[in-house]
Q: 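Dropping the structure in here first, questions after.
Lettering follows sequence order; numbering is per chain, from 1.
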Amino acid sequence: QTPVKFSLDWKYEGPAAPFLIALDKGYFKDAGLDVTIDTAGGSLEPINRVASGTYDMGFGDINSLIKFVDANPTVPLKAVYMVYNKPAFSIVGRKSLGITAPKDLEGKKLGAPAPDGAWAQWKIFAAANGIDSTKVTVENVGFPVREPMLAAGDVDAITGFSFSSFINLKANGVPADDITVLLMADHGVDLYGNAIFVNPAFAEKNPEAVKGFLAAFNKALKETVADPAAAVEHVTAANPLVAKNVELERLQMAVDQNILTDEVKANGFGAIDSARLGAAIDQIGLTYEFKAKPAAEAVFDPSFLPSADDRKVM
Amino acid sequence: MTATPVLIRFAPWIFTVGLFVIWEAVCRLFAIPPFFLPPPSLVFGAMVQFWRPLVDNSLVTLVTTLIGFLLAVGFGLLLGLAIGASRTVYAGVYPLMIGFNAIPKVAVVPILVLWFGIGAVPAVLTAFLISFFPIVVNVATGLATIEPELEDVLKALGASKLDIMRKVGIPRALPYFFGSLKIAITLAFVGSVISESVASNRGIGNLMLQAQALFQVPLVFAGLIALAVEGIVMYAAMAWLEKRTTGWAQRSGFGT
Amino acid sequence: MTATPVLIRFAPWIFTVGLFVIWEAVCRLFAIPPFFLPPPSLVFGAMVQFWRPLVDNSLVTLVTTLIGFLLAVGFGLLLGLAIGASRTVYAGVYPLMIGFNAIPKVAVVPILVLWFGIGAVPAVLTAFLISFFPIVVNVATGLATIEPELEDVLKALGASKLDIMRKVGIPRALPYFFGSLKIAITLAFVGSVISESVASNRGIGNLMLQAQALFQVPLVFAGLIALAVEGIVMYAAMAWLEKRTTGWAQRSGFGT
Amino acid sequence: MSAGQGAAADPFVRLEGVSHVYGGAAALKAGTGTLAVDGLDITIGRGEFAAVVGPSGCGKSTLMKLATGLQFPVGGTVSVAGEPVTKPVKIAGMAFQAPNLLPWRTTLDNLMLPLEVVEPHRRRLRWNKAEYVDRAERLLASVGLAGFGDKFPWQLSGGMQMRAALCRALIHEPQLLMLDEPFGALDAFTREELWCVIRDLHQRTGITVVLVTHDLREAVFLADRIFVMSARPGRILVERTVGIARPRDLEITYTAGFQEIVHELRGHIVEARR
Amino acid sequence: MSAGQGAAADPFVRLEGVSHVYGGAAALKAGTGTLAVDGLDITIGRGEFAAVVGPSGCGKSTLMKLATGLQFPVGGTVSVAGEPVTKPVKIAGMAFQAPNLLPWRTTLDNLMLPLEVVEPHRRRLRWNKAEYVDRAERLLASVGLAGFGDKFPWQLSGGMQMRAALCRALIHEPQLLMLDEPFGALDAFTREELWCVIRDLHQRTGITVVLVTHDLREAVFLADRIFVMSARPGRILVERTVGIARPRDLEITYTAGFQEIVHELRGHIVEARR
Ligand SMILES: Nc1ncnc2c1ncn2[C@@H]1O[C@H](COP(=O)(O)OP(=O)(O)OP(=O)(O)O)[C@@H](O)[C@H]1O
Ligand SMILES: Nc1ncnc2c1ncn2[C@@H]1O[C@H](COP(=O)(O)OP(=O)(O)OP(=O)(O)O)[C@@H](O)[C@H]1O
Ligand SMILES: [Mg+2]
Ligand SMILES: [Mg+2]
């Protein structure tokens with residue numbers, strides 16, 4: 001049994017289902033792995049954790065990973081499995097507060113937690129949609145107060161993951177038809193989303209473990225996509241506080257919008273199109289000054305992926 | 001001074017109940033929405049509904065706190081003795097300790113997580129780091145304020161520095177040490193909860209964070225109340241320990 | 001005791017420099033990656049590079065802290081006097097205060113932000129809430145421990161309770177009050193930084209959060225050092241104030 | 001025990017059959033309280049200088065507190081200047097073993113304290129400040145503290161602090177001066193100096209003085225009458241009139257007649273301690 | 001001033017031309033230190049009972065510290081039992097104005113403290129515990145504290161604590177007993193009782209005793225020779241041999257001869273305070 005310490009990007013909620021299934025159903029164990037899964041407070045945190053070697057593998061935002069690799073070239077972190085083919089980054093606003101389209105943000109208040117993955121792409125979004133960002137008042141709001149503040153009207157829009165913010169807003173009593181979700185990927189931000197990545201030292205020492213992990217995850221992901229309702233049971237088992245119907249809705253949104261995209265339907269789960277990733281790195285360069293712009297191959301290593309057959313969408 | 005002892009004995013209960021009654025009344029009178037400030041009735045409802053996770057997580061937090069606290073007790077006592085025994089070390093370390101104390105421990109937790117991963121270790125360490133300071137300061141102060149006459153009694157007998165430390169220094173510092181435990185355990189508790197809410201899958205801190213993320217505000221408040229109760233109990237335990245171990249200090253009018 | 005005063009005077013600097021030297025040496029010897037623990041040289045580099053935002057945000061935090069602290073001073077003094085004057089109230093409020101103190105203020109900040117919006121108000125309130133406790137406890141203790149003889153002197157003159165409070169109670173509680181300010185200001189500072197990192201666009205807390213998001217770990221540590229320095233300065237200021245205002249307490253051997 | 005001649009003439013402080021229990025009426029009933037004094041009878045005449053001696057813990061301080069209305073008896077009656085004592089008597093000045101000066105006030109401000117509390121001075125103080133300061137300074141000068149008014153207590157020696165405390169007890173011109181071991185903490189020489197200060201003061205103003213002391217020489221040198229108390233619960237065992245003529249000089253303490261009274265009292269105390 | 005006869009016979013404690021400055025050599029140079037004693041000469045013979053009196057702050061405690069090696073002079077020489085004093089002398093027992101008992105130890109354990117520190121007892125203590133406990137209990141009994149060994153200090157009265165402190169100063173059978181105002185805080189009656197305890201002890205063991213006191217009667221009653229010190233910086237002004245025969249009874253303090261010596265000393269002190 002190879003021990004693997006794995007860091008999620010967030011808490012045990014709907015989208016964590018495939019990881020929990022692989023654990024619960026023993027897919028990891030069958031691959032000879034002893035996996036521990038820990039939660040985190042945002043999709044940046046796992047990057048630091050895996051880079052420091054405290055965790056072997058993690059699940060987080062590839063765009064932040066690219067910046068990290070640029071800032072710390074001594075630790076060549078690599079993504080090995082793309083989960084969110086389209087990122088969940090979005091701007092969520094309320095129609096009643098006058099937000100229906102990107103341009104509406106001008107002259108309004110945008111609430112954004114500093115360590116938020118979506119916030120990190122704000123400049124790209126603004127550039128792609130011709131928003132004069134000097135006209136947008138940005139407020140740093142912590143994760144716990146982000147949606148409540150939008151619900152209370154203290155801010156007009158927030159940055160966040162679509163499935164998180166939408167559902168949290170509903171939980172705060174905002175009617176669904178009042179909520180505007182501007183998925184950045186649908187508004188000119190052509191990036192990849194969250195991926196599984198691995199500590200380079202660990203990958204070199206245990207290539208089979210990485211492969212086994214991905215194979216097990218791949219299997220669980222396919223099951224999740226096939227039957228989200230069954231998958232979400234594993235979430236409620238791990239986290240007694242959550243409500244099943246809420247997490248199912250969340251998971252369903254993630255599957256529909258972020259996981260099961262046209263590209264995935266064509267090429268299968270986990271892989272990337274290196275031309276698209278290259279373009280994404282260029283797009284990051286619009287707002288981030290690279291020390292030495294990495295190539296797509298430097299941040300994504302497909303060599304651990306299961307076979308194309310196994311990854312195919314049924 | 002005219003209050004009868006009976007009234008004083010029951011005062012804590014009366015005030016606590018009074019607080020809850022006023023809170024409930026305010027919530028009802030002003031029709032405050034529950035996600036803003038849930039009335040105690042809802043909070044108690046949440047307590048009943050989620051008693052299992054509340055109890056489980058409280059125990060986790062308790063264990064974490066106690067481990068961190070015990071570490072702090074051990075190292076705090078040693079460092080306090082080392083510092084208090086030399087005025088130079090005392091002068092040199094004191095500002096560093098103050099500076100360290102002025103750093104919010106929330107800011108340190110992510111660093112600890114980088115080093116040790118999430119879970120019990122950073123929580124224990126945070127509890128340790130935060131509760132360490134008052135113990136060191138108190139023990140060092142206890143040593144530094146020994147009456148010169150007590151020392152002279154021993155010096156005149158030709159006692160060595162080590163003898164003086166053992167016979168007078170340490171016993172004399174003990175009431176200060178036990179006095180600091182009340183503060184230290186409360187802080188240790190705060191520390192482990194902070195750390196849990198940043199980096200753990202278990203504990204009351206994590207429970208509250210989860211509840212917050214799920215907008216179960218009454219459960220958040222239930223967590224707060226659980227924290228307060230646990231804090232009071234641990235404080236009382238340390239106060240009892242203090243009384244047991246260094247009753248002579250109170251009885252002889254020394255200390256206070 | 002054999003240390004010369006000169007050594008004692010310079011001890012803080014020697015120990016501080018020593019700490020940085022050891023830290024740097026450890027980083028180099030073990031080739032620790034900067035995002036794990038940046039060496040002081042990098043941290044100072046970040047300080048020089050980002051001195052403008054560091055200074056600006058420090059000032060913001062300072063102002064926030066001071067406002068919260070002043071509120072705590074005002075209310076803490078009043079409540080402390082009210083509590084210390086009646087044993088029943090003292091007995092009733094004390095456990096509530098302990099319970100409140102055992103609640104990590106990070107858990108309360110989101111609630112405050114919900115109530116008061118983003119920006120300075122929740123930061124000020126957090127600073128206030130966190131620094132309030134030691135002031136109240138100390139003032140109440142100062143009142144509660146007045147020597148009965150001092151009271152008798154006035155009672156024998158037929159003085160009213162109010163007279164006794166004004167002539168003896170308050171002056172007598174002042175050294176305790178000023179003594180608590182050192183702790184209170186450090187806590188106020190911790191409070192405002194915590195709150196800034198949850199909901200504010202300015203302040204050292206926010207700066208550190210931003211730096212963390214941009215993987216500029218040396219800047220995070222630069223922030224930590226800025227916090228420590230600011231904390232020490234404020235502590236020293238309060239220690240000075242204590243000496244100025246209640247020097248009589250030290251000189252007359254009263255109150256330690 | 002019948003009252004002395006001085007007292008019979010014009011009784012000023014009178015305790016009759018007084019019993020006192022610490023811990024309040026509840027403690028008395030429960031039997032948990034300390035019976036400090038029991039069936040205490042004492043009468044002190046106007047202008048008299050009375051001394052109370054007795055073993056440690058016999059209730060001397062309790063007697064003082066009862067006479068000044070700081071404690072109230074569970075049995076018996078207490079009256080001062082003909083009035084029953086139901087609240088702290090305002091016509092008394094007190095000094096205790098510790099000087100109890102307020103450390104945050106200068107010596108002069110400490111002296112002014114009673115004036116800030118007791119009517120009519122309290123009312124008059126603001127507009128007649130200079131007059132009162134003048135009075136305080138004259139009082140300080142009379143005990144050898146001229147020029148020390150602006151010093152803080154910690155800048156004075158123990159003896160000087162005690163003098164200041166005596167002045168504070170006198171500033172509002174009380175008719176009764178209660179001294180509870182006021183010189184206990186002083187060295188022998190300073191003590192003798194202060195004896196003379198008190199002696200002259202009593203001589204000059206004719207104030208009624210009650211002095212509690214452990215020091216028999218002190219009692220004999222200063223007092224007109226000496227009361228010896230029994231061990232707890234305290235009662236008056238012996239009452240001894242000191243016949244020595246006034247004004248008395250310190251030298252008389254070395255005379256045989258003086259030593260004889262001290263010796264006799266010592267015998268009573270040894271008895272009382274049994 | 002020449003040494004008395006007792007001292008000349010067999011000098012035990014000897015200070016010659018001793019000066020002492022608090023604050024260390026640096027303070028001396030800078031002139032900021034306090035010159036506590038200056039050119040102090042005193043010689044005390046073996047087995048003698050010496051008393052030192054003098055005004056407050058004149059350097060009496062300093063003298064004690066110099067003689068026991070708790071302080072070292074900036075000038076002059078100090079020797080005890082013929083050896084120059086370069087570190088704390090181990091053959092001395094000390095008692096101060098406060099009993100300084102360790103509040104966390106029982107009376108018996110407090111008594112054992114010197115045995116845990118001083119050789120050869122330290123070495124022997126573990127294996128001969130019973131023997132030492134026995135010795136301590138006999139000592140306690142000799143000062144009237146039989147049966148109080150297992151009480152804590154706070155359970156004893158001030159006088160009882162002082163007795164225990166005296167026992168502690170004696171348990172390791174020192175050759176020199178240094179008493180710095182040991183009875184200052186006690187009431188007159190307890191004080192006289194302890195005089196007798198000390199008197200008997202000195203009688204029985206022939207130990208050398210140096211007693212610092214403010215109380216002239218105490219000095220005259222107990223001592224063979226009395227040294228009067230000048231105001232600071234302290235020197236020996238007068239040396240007075242007390243001729244009263246031993247054993248002395250408390251009654252002698254009321255005799256004319258006794259009073260005369262006290263009176264004479266008083267004159268010297270008044271002089272010294274100028
Ligand atoms: N506040 C109190 N509460 C309970 N008991 C008290 C209190 N004050 C005094 N006593 C008890 O009452 C008795 C008499 O006390 P009091 O102080 O009058 O004695 P005293 O003669 O003044 O003693 P001393 O000579 O030591 O001053 C003592 O036994 C004491 O224990
Ligand atoms: N530790 C010290 N540091 C500086 N000065 C001191 C110290 N101890 C004593 N002195 C000074 O030395 C002088 C002599 O002090 P010492 O204690 O010997 O006097 P003393 O005769 O014992 O007085 P007392 O009768 O009050 O006990 C005093 O003026 C005092 O101020
Ligand atoms: Mg008394
Ligand atoms: Mg002295």
Q: Identify which of B:Gly191, B:Gly18, B:Gly205, B:Pro104 forms the greatest number of heavy-atom pairs closer than 4.5 Å to chain C.
A: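 With the most close heavy-atom pairs to chain C, the winner is B:Pro104.
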
Q: Which region of B:Leu187, side chain (C-beta onward) or backbone (N, CA, C, O), has a non-hydrogen atom less than 4.5 Å from a non-hydrogen atom of chain C, or is it both or neither?
A: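 Neither the backbone nor the side chain of B:Leu187 comes within 4.5 Å of chain C.
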
Q: Between chain C and each of B:Tyr235, B:Phe100, B:Tyr94, count heavy-atom pairs under 4.5 Å; write down the option with the most.
A: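 Looking at each of B:Tyr235, B:Phe100, B:Tyr94 in turn, B:Tyr235 comes out on top.
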
Q: For chain B, find which of C:Val190, C:Thr16, C:Ile98, C:Ile103 contributes the most heavy-atom pairs closer than 4.5 angstrom.
A: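 The answer is C:Ile98.
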
Q: Which residues, numbered in order, of residues 223-232 of chain C come under 4.5 angstrom of chain B by heavy-atom distance?
A: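 Residues in range: C:Leu224, C:Leu227, C:Ala228, C:Gly231, C:Ile232.
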
Q: Given that the side chain runs from C-beta out, which part of C:Ile185 has a heavy atom under 4.5 Å from chain B: side chain, backbone, both or neither?
A: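 Answer is neither: C:Ile185 stays 4.5 Å or more from chain B.
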
